[in-house]
Every structure is written in structure tokens, then in C-alpha cells.
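Quick note on labels: first sequence line is chain A, next is B, and so on, each numbered from 1. Just so it is clear, the values below take in all heavy atoms, side chains as well, and ignore hydrogens, waters and symmetry mates.
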Amino acid sequence: VTTTTDKYDQIWRSLASDGRDGFVEAEIVEALSAQILVMREARGWSRADLAQRAGLSPATIRRLEDPNRATYSVDVLLRLAAAFDVGLQVRFVPFSRLVDAAADLSLDDLAVPSVADDAPHQSTAPAADSRGRNQSTYPAAG
Amino acid sequence: MAMRFVDYVDGRGENVIQAWLNQRTIPVRAKRQINARIRVLAALPRHHHVRPHMAPLADKRGQACEGLHEIRVESGGVQYRIIGCYAAGRDEFIMLAGATERDRRLIPHEVRQQAFHRLADLESGKGSTRDHDDR
């Protein structure tokens, strides 16, 4: 059975032999499209439900869930994060961290809970404003 | 990992999926996308293995398999397909052959027969499987 370490080594060797062309894009598109689908269904929402909450059209949601068609902007990702009431990280990282995440991908990484179901912080979850955004910085400093 | 994705290895020991992915006719970007798709599908429960990610392909044939399915990836305007089947009684998807699709026809045209042939070889012990290799 292939371990996470084996998978890490395979991906890393592939990057070394074939170059890094397309790797970042493929990881982003494939994971994000799956995340949007899984998180939407976990909440029991239709595409129309999510579209309404995010201020987007159902056709856009369908496209965002399709890894063969999707393109993402930070603005759209922020709208979706607010609708799902989850955090969002968009930042540059070393390739090693990206490969690590790819090699160790699990359902827990894809099915992100809303802040209300975020177990360690359940009792201190901040209230959301009318657009579903958290009103205070979260988690609280200190 | 919710499900193992394994490559078919023929009687000569060749990993046919890795060999297909490493053909010069498949650009690196497409290979990256296919491998990323396989990792995501492996993390997802089977009820999420639906369009546009995957689709059923043909009727059931053979004992070890629940019918053919295809992984559907578009990259650079080309429709790539990996044909395989879910192993009966195991959380495992066996990838049997690679193809492209144009005008709703698989290329090579005989890829379904090839997949069923490889499945028969697998059942008779002539072929084997190995965890998908991302190289």
C-alpha cells in the first residue's frame, strides 16, 4: 500500500522530471471544485441555495463545481467563503507545502465545516452579519 | 483516503496507466490535471464519483467488477478518459485503460473491449494491480 510519504516522493519526482508546468493550477482547480460540491451537499443546499447565499447565479455555481470548466477569482472565493461560513487562505507557499497537501489529501480537507460546527471553537463562534460574514476577527487574538 | 485508485499492470509487468500518462502525446499539464483528479476522487466517498468528475460507461461484465466507469478530464481542449471499474466488495477503483474522446467516440475505439480483456486477465491472474503512481 502506498503511504503518504511514498505519494509525496512520487509527486516530487514527477515535478523534478517533468517540470512544474500546470501543477499549481491543477491542484487548485481540482480541490476547489470538489470542495464547493462537497460543502454544498453537506449543508443540504441546492446550487440555487448556494447561488443565492453567495450572490452568484446557479449556472456559475455549476461551472465552479466542474473542474473541467472552472476558473476562480479571489472575489468569488470570498463570496463562497462567506456563504459557507468558512475561512479562506490564498497565499504563496513553497512547493514542498503544496506537494505535502496533495499527497495527504483527505475528505476532512475537502468537507470544511462552518464556523458553528468547527469543534474546537463551538462555544466561542462569533455571530455573522446579514451577508453571513463574521463580525469580529476570528479566532480572537490572545 | 476513502478509496484506493489502482493501476492495471499487465502480464509483462507494465503499468499500463502510467505508460499511457507518460506518452509524449499527453502534455504535462494534462497529466498534472489527471493525477490531481485521481487524488481528489480517492479522497471522496463514492457517491461523489459522478459527472463531471466521472461517469458510468457500460453494462456489467465479469465477476470482479461492477461495470465500467470513466474518469473525465478536459485539458487544453482535449477530452481525456481513464476507463476502469469499482472492485466488487472493496473500496477500490481499478484503472484499466486510457483514452481520449472526440465527437462522443472513444479513441482508440476498441478501448472498452481492451478494458474488459484486461479485467478478464485480472480475474485469471494474468494481470495485477498496483496503487496509482503519480510519476
Side-chain angles (χ1 to χ4, degrees), chain A residues 1-42 47 61-71 95 98-112, chain B residues 1-7 9 15 17-18 21-24 26-55 70-82 90-92 100-101 129-135:
Chain A
V1 175
T2 302
T3 64
T4 300
T5 305
D6 295 335
K7 187 61 75 179
Y8 182 95
D9 288 343
Q10 287 175 7
I11 299 170
W12 200 250
R13 281 187 216 172
S14 171
L15 292 176
S17 63
D18 295 337
R20 294 173 293 281
D21 186 31
F23 179 73
V24 175
E25 183 181 350
E27 294 303 314
I28 290 171
V29 170
E30 294 292 335
L32 275 178
S33 59
Q35 275 197 308
I36 296 167
L37 171 69
V38 168
M39 290 195 296
R40 177 178 63 75
E41 292 193 350
R47 290 192 181 92
I61 300 298
R62 180 180 291 278
R63 181 174 53 77
L64 294 171
E65 291 181 350
D66 183 347
N68 298 321
R69 298 170 60 211
T71 55
F95 264 92
L98 198 56
V99 173
D100 198 29
D104 197 27
L105 185 69
S106 72
L107 182 59
D108 285 345
D109 299 317
L110 299 172
V112 179
Chain B
M1 187 182 297
M3 184 168 289
R4 288 177 69 201
F5 274 64
V6 298
D7 297 339
V9 178
N15 182 329
I17 300 302
Q18 197 183 10
L21 278 171
N22 286 324
Q23 290 178 97
R24 290 182 180 213
I26 298 187
V28 171
R29 293 180 74 84
K31 179 180 163 184
R32 297 276 182 242
Q33 198 170 336
I34 293 166
N35 280 330
R37 176 73 56 82
I38 291 168
R39 285 195 299 276
V40 166
L41 288 169
L44 291 174
R46 185 171 164 181
H47 68 269
H48 284 303
H49 292 184
V50 293
R51 283 180 185 270
H53 310 274
M54 287 182 77
E70 61 179 10
I71 300 170
R72 301 168 60 86
V73 173
E74 180 183 345
S75 181
V78 178
Q79 304 285 341
Y80 296 94
R81 305 288 183 256
I82 293 183
R90 298 195 301 278
D91 288 331
E92 184 175 292
T100 57
E101 183 179 323
T129 62
R130 184 179 301 164
D131 279 333
H132 178 64
D133 193 326
D134 277 66
R135 277 173 295 179

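The environment of CZ in A:Arg69 is crowded: more than 12 heavy-atom neighbours from other residues, nucleotides or ligands sit within 6.0 Å. At most 12 heavy atoms of other shown residues, nucleotides or ligands fall within 6.0 angstrom of atom CZ in A:Arg62.
Put simply, of A:Pro67, A:Ala102, A:Ala103, the one with the most heavy-atom pairs under 4.5 Å next to chain B is A:Pro67. Contact tally against chain A (heavy-atom pairs below 4.5 Å) for B:His132, B:Arg32, B:Lys31: the top residue is B:Arg32. Top candidate by heavy-atom pairs under 4.5 Å with chain A, chosen from B:Gln33, B:His53, B:Arg37, is B:Arg37.
Using a 4.5 Å heavy-atom threshold, the side chains of B:Arg72 and B:Glu101 count as touching.
By the 4.0 Å N-to-carboxylate-O rule, A:Glu30 lies too far from B:Arg39 to be salt-bridged with it. Taking the charged nitrogens against the carboxylate oxygens, B:Asp7 and B:Arg130 have no contact shorter than 4.0 Å, which rules out a salt bridge.
Both the backbone and the side chain of A:Val38 have a heavy atom closer than 4.5 Å to some heavy atom of chain B. Heavy atoms closer than 4.5 Å to chain B are found in the backbone of A:Glu65, but not in its side chain.
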